[in-house]
Amino acid sequence: MIPCAPRQASAQDVNALCERLLAFNHKASGHHFNETPLQLACRDAHNGLCAGLLADICAGWLNIHVLWVDPEHRRSGMGAALLAHAEQQALAAGAHGVLLDTFDWQAESFYLRQGYTVFGRLDDYPPGHQRIYMRKLLHTGRVATKP
């Protein structure tokens, strides 16, 4: 067997790898794994960025990558409003759950207040801290399976 000599992937390589993995996943599961981006922003009266949420909907789940609120606007309800809006959009798109991660110095208690539950913790990410994985099942009108 000829050993592989890894090198930096080109944009074309990245696209081909993703397409091949999506095709494999579809064949194995019967589900499409195409991502639909969900990008929300809140601006103040002077058009300054106050908060935002970056996510995608894939395989029936809303995957939240970024939820940020300017420190001046924290505890104003802006983060909860962004999250609720994203959940409603995901529900309308057919999603049945939300997946996100946070760090122990970030927003675990905020997400717990919004109905999220912890399903995993990764210690020492970064060293001395935890990365926390959370989920929430959305009310779809159908019976949800237990997590």
Side-chain angles (χ1 to χ4, degrees), residues 4 6-44 48-147:
C4 174
R7 62 171 198 239
Q8 185 66 37
S10 69
Q12 185 178 1
D13 292 335
V14 170
N15 288 336
L17 289 168
C18 290
E19 286 175 11
R20 291 172 187 183
L21 182 59
L22 288 173
F24 173 82
N25 289 345
H26 180 257
K27 184 177 179 182
S29 72
H31 294 279
H32 290 282
F33 287 81
N34 298 328
E35 296 179 351
T36 302
L38 178 59
Q39 301 167 340
L40 306 171
C42 293
R43 296 192 169 273
D44 63 20
L49 185 62
C50 300
L53 183 145
L54 305 176
D56 59 66
I57 302 166
C58 181
W61 286 81
L62 172 65
N63 298 291
I64 298 176
H65 305 295
V66 174
L67 174 56
W68 176 83
V69 178
D70 186 275
E72 251 180 62
H73 297 283
R74 292 183 185 156
R75 304 214 185 288
S76 69
M78 196 175 290
L82 273 168
L83 197 55
H85 186 80
E87 290 171 4
Q88 286 303 312
Q89 286 196 334
L91 195 57
H96 63 274
V98 185
L99 168 68
L100 60 85
D101 64 82
T102 188
F103 292 97
D104 58 4
W105 68 85
Q106 287 182 329
E108 179 182 7
S109 62
F110 165 77
Y111 291 117
L112 290 171
R113 288 191 306 274
Q114 309 309 312
Y116 286 74
T117 59
V118 174
F119 71 88
R121 293 179 184 272
L122 180 59
D123 292 330
D124 286 328
Y125 193 105
H129 292 279
Q130 288 184 331
R131 190 166 186 175
I132 304 161
Y133 296 88
M134 305 182 86
R135 68 177 157 219
K136 178 179 181 179
L137 293 179
L138 299 175
H139 301 288
T140 61
R142 64 179 176 82
V143 176
T145 57
K146 281 204 163 215

| note | Of Arg7, Gln12, Gln8, the one forming a side-chain contact (heavy atoms from CB on, under 4.5 Å) with Ser10 is Gln12

| query | Considering residues at least two apart in sequence or located in another chain, which fulfil the salt bridge (Lys or Arg N to Asp or Glu O under 4.0 Å) criterion with Arg131? | reply | Asp101

| Taking every non-hydrogen atom, the tightest pair across Phe110 and Leu67 | CE2-CD2, 3.8 Å

| said: Is the shortest side-chain heavy-atom distance between Met134 and Val118 below 4.5 Å? | reply: yes

| Just how far is it from atom CG of Leu17 to atom CG of Leu22, taken to the nearest 0.5 Å? | 11.0 Å

| field | From Asp123 atom CG to Asp104 atom CG, the distance as rounded to the nearest 0.5 Å | value | 9.5 Å

| Hey, does Gln89 have a side-chain heavy atom less than 4.5 Å from the side chain of Leu40? | yes

| query | Of all residues at least two apart in sequence or in a different chain, which pass the side-chain hydrogen bond (donor to acceptor under 3.5 Å, both in side chains) check with Asp70? | reply | none

| Atom CH2 in Trp68, atom CG in Leu49: separation rounded to 0.5 Å? | 5.5 Å

| request: Measure across His96 and Ala59 and return the closest heavy-atom pair with its distance rounded to 0.1 Å. | output: CE1-O, 4.1 Å

| Heavy-atom closest pair, residues Phe103 and Ile132 | C-CD1, 4.1 Å

| What heavy-atom pair brings Ala95 and Leu138 nearest, and what distance separates the two atoms? | O-CD1, 4.0 Å

| message | Can you confirm whether Phe24 is buried at CZ, in the sense that more than 12 heavy atoms of other residues, nucleotides or ligands lie under 6.0 Å from that atom? | response | no

| query | What distance separates Leu53 CG from Ile64 CD1, expressed to the nearest 0.5 Å? | reply | 5.0 Å

| Can you tell if the side chain of Tyr111 reaches within under 4.5 Å of the side chain of Val98, non-hydrogen atoms only? | no

| task | Check Leu82 against Ala51 and note the closest heavy-atom contact, atom names and distance. | result | CD1-CB, 3.6 Å

| Intermediate values then yes/no, side chain to side chain donor-acceptor pair (under 3.5 Å), His31 and Asn25 | CA-CA 7 Å; His31 294 279; Asn25 289 345; over 6 Å; no

| Got a second to check how far Leu83's CG is from Met78's CE, nearest 0.5 Å? | 14.0 Å

| Heavy atoms of other groups near Tyr125 OH, more than 12 under 6.0 Å | no

| field | Ring geometry between His26 and His32 (parallel below 30°, tilted from 30 to 60°, perpendicular above 60°) | value | parallel

| task | State, to 0.1 Å, how close Ala107 and Thr102 come at their nearest heavy-atom pair, and which atoms those are. | result | N-OG1, 3.3 Å

| task | State whether the side chain of Lys136 and the backbone N or O of Gln114 hold a donor-acceptor pair below 3.5 Å, judged by distance alone. | result | yes

